[in-house]
Amino acid sequence: MPVDGAAPEACPREDRIMPSSRRARASLLLPVLAALTLSGCASAVEPVAAETPAAQPAVEPSPSPAPTEPADPLESAAELVVRPEHLDVVDATGAVVAELSYDLPTVEFVGALTTVFGSAPDLETYEATYYRPQTDHYLWDGFDVYDDLSGYLDGDAPEEWEWVTTDEPDTRDMNVQIYARRPVVGDIEVRTTEGYRPGDDFDWVDSIEGNASTRHPQWFEGRRPPVALETGPEIGERFYDAVPNAYSVVFFVAHSDPPLGELTQIGAPWNIGVPF
């Protein structure tokens, strides 16, 4: 019993002496008492539940961008460079993005230039004569494409002649010829590899070393002969020692009707190394 006025012991003392008559029972109760004693003496600690991370919303995968159609390189054209056997299509950086051979089918060649210039040409057909086959002319404002058709004149007299077009390949020359009449067509500049342009002064171009020696020896008297500005590889035996049998880019004077003075143009492919 606790003494009056004294505070009870917080925990029973282990060194307290028990009567001998209770020792045997006490030995059986000791483990239980020890557990109860310790649980009563220990400070109560409330367990803290571990925080669980908030669930992250599922991230939807980004859809793959739809493949885009590659831009037509012809639409990037800034210049056309006239070469002996083809046109170089050049972009604003100076890179050649396409080559248009004069041997392409006419529809393909004209279609490519329609994309480059951004407009379709007018079409005029020139009837055949004794010395010239029927020719389709595709005309832009400052640039022409001529397609001389394969065929023949049928009839016994000139007034009866009628042109008959055939599917035979054009063996006279390359399939089409071009004539650049202005230095800028739409917003496309036209030049040669050396920088000559339609409208340049003929005497100046003709005076440059290397150009005059390429004149055609059979050019009409009284007319200024064309000057070859760039010549491609030879395609056959020479007819003239000084002039290769090859296609060239030529610079020449065109006469208008009615006359508007001398108009210089650039044409290709011209073979000025063969007789007319």
Side-chain angles (χ1 to χ4, degrees), residues 79-89 98-114 116-117 120-129 131-151 163 165-166 168-183 185 188 190-193 196-199 205 214-216 218-220 223-236 243-257 263-276:
E79 292 182 310
L80 281 180
V81 180
V82 183
R83 307 297 305 277
E85 297 183 353
H86 66 269
L87 293 173
D88 281 339
V89 182
E99 292 182 1
L100 304 180
S101 169
Y102 305 129
D103 259 343
L104 283 173
T106 306
V107 171
E108 186 176 342
F109 189 85
V110 172
L113 287 180
T114 297
V116 169
F117 293 135
D122 295 328
L123 173 60
E124 296 181 1
T125 297
Y126 284 55
E127 298 299 329
T129 66
Y131 59 89
R132 183 187 66 198
Q134 182 170 308
T135 308
D136 286 341
H137 292 194
Y138 299 87
L139 310 174
W140 285 270
D141 188 13
F143 196 96
D144 303 343
V145 175
Y146 290 4
D147 178 20
D148 54 343
L149 306 178
S150 296
W163 179 258
T165 301
T166 66
E168 297 174 0
D170 185 354
T171 57
R172 293 182 299 274
D173 46 32
M174 301 187 77
N175 184 45
V176 298
Q177 284 186 324
I178 67 94
Y179 293 88
R181 298 183 287 107
R182 291 188 178 178
V185 181
I188 304 298
V190 182
R191 62 176 176 84
T192 69
T193 53
Y196 301 117
R197 294 152 60 90
V205 174
T214 57
R215 293 162 176 255
H216 194 293
Q218 285 190 327
W219 196 249
F220 303 114
R223 298 280 297 273
R224 300 198 199 193
V227 175
L229 303 177
E230 182 185 5
T231 299
E234 297 200 41
I235 58 176
V243 184
N245 177 7
Y247 295 116
S248 296
V249 178
V250 297
F251 188 78
F252 64 100
V253 174
H255 296 272
S256 61
D257 186 21
L263 306 174
T264 56
Q265 300 184 17
I266 292 172
W270 277 28
N271 189 345
I272 60 176
V274 296
F276 291 139

Novice: I'd like to check the side-chain contact (heavy atoms from CB on, under 4.5 Å) partners of Asn245; sequence neighbours left out, ordered by chain and number.
Specialist: Ile235, Phe239, Asn271, Val274
Novice: If the condition is side-chain contact (heavy atoms from CB on, under 4.5 Å), which residues does Thr114 pass it with, not counting sequence neighbours?
Specialist: Val110, Ala120, Pro121, Trp140
Novice: Between Phe117 and Leu80, which heavy-atom pair has the shortest distance, and what is it?
Specialist: CZ-CD1, 3.6 Å
Novice: Partners of Asp144 by side chain to side chain donor-acceptor pair (under 3.5 Å), sequence neighbours excluded?
Specialist: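 Asp144: side chain to side chain donor-acceptor pair (under 3.5 Å) contacts with Arg181.
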Novice: Just jot down the ring-ring contact (aromatic ring centres under 6.0 Å, His included) partners of Tyr126, sequence neighbours excluded, or say none.
Specialist: His137
Novice: Compare every heavy atom of Gly142 with every heavy atom of Val185, then report the nearest pair and how far apart it is.
Specialist: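 Minimum heavy-atom separation between Val185 and Gly142: CG2-O, 3.8 Å.
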Novice: If the condition is side-chain contact (heavy atoms from CB on, under 4.5 Å), which residues does Pro84 pass it with, not counting sequence neighbours?
Specialist: Glu230, Val249
Novice: Working to the nearest 0.5 Å, report the span between CG of Leu87 and CZ of Phe143.
Specialist: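 Spacing of CG (Leu87) from CZ (Phe143) equals 5.0 Å.
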Novice: Return the set of residues passing salt bridge (charged side-chain N to carboxylate O under 4.0 Å, His left out) with Glu85 (not counting sequence neighbours), or none when no residue passes.
Specialist: none
Novice: Please tell me if the side chains of Ile266 and Val190 come closer than 4.5 Å, counting only heavy atoms from C-beta onward.
Specialist: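 Answer no - side chains too far apart.
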Novice: Considering all heavy atoms of both residues, which atom of Ala246 and which atom of Glu234 are nearest to each other, and what is their separation?
Specialist: CB-CA, 3.8 Å
Novice: Check whether any side-chain N or O of Ser248 sits under 3.5 Å from a backbone N or O of Val250 as a donor-acceptor pair, and report yes or no.
Specialist: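 Side chain of Ser248 to backbone of Val250: no pair is present.
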Novice: If you round to the nearest 0.5 Å, how far is CZ of Phe251 from CH2 of Trp270?
Specialist: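 Nearest 0.5 Å value for the CH2-CZ distance: 12.0 Å.
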Novice: Do you know the tightest heavy-atom contact between Ala268 and Arg83?
Specialist: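 Closest approach of Ala268 to Arg83, heavy atoms only: CB-O, 3.8 Å.
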Novice: For Glu108, check salt bridge (charged side-chain N to carboxylate O under 4.0 Å, His left out) against everything at least two apart and list the hits.
Specialist: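 Salt bridge (charged side-chain N to carboxylate O under 4.0 Å, His left out) check on Glu108 returns nothing, list empty.
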Novice: Name all residues meeting the ring-ring contact (aromatic ring centres under 6.0 Å, His included) criterion together with Phe109; count only those two or more places apart in sequence or in a different chain, and write none if there are none.
Specialist: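 Once residues adjacent in sequence are excluded, Phe109 has no partner under the ring-ring contact (aromatic ring centres under 6.0 Å, His included) criterion.
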Novice: Between Asp88 and Glu99, which heavy-atom pair has the shortest distance, and what is it?
Specialist: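 It is OD1-CG, 3.5 Å.
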Novice: Between CD1 of Ile178 and CD of Gln265, what distance do you get to the nearest 0.5 Å?
Specialist: 10.0 Å
Novice: Restricting to side chain to side chain donor-acceptor pair (under 3.5 Å), what partner residues turn up for Thr106, sequence neighbours left out?
Specialist: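 Side chain to side chain donor-acceptor pair (under 3.5 Å) check on Thr106 returns Asp147, Asn175.
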Novice: Can you give me the closest heavy-atom contact between Thr192 and Val81, atom names plus distance?
Specialist: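 Heavy atoms only, the tightest pair is C-CG1, 3.8 Å.
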Novice: Got a sec, which residues hit salt bridge (charged side-chain N to carboxylate O under 4.0 Å, His left out) with Asp122, two or more places apart in sequence or on another chain?
Specialist: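 None.
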Novice: Taking side-chain contact (heavy atoms from CB on, under 4.5 Å) as the definition, give me every residue that meets it alongside Glu79, ordered by chain and number, with sequence neighbours left out.
Specialist: Val90, Glu189, Arg191
Novice: Report the residues that fulfil side chain to side chain donor-acceptor pair (under 3.5 Å) with Tyr102, sequence neighbours left out, ordered by chain and then residue number.
Specialist: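 None.
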Novice: Once you round to the nearest 0.5 Å, how far does CG of Leu229 lie from CZ of Phe252?
Specialist: 11.0 Å
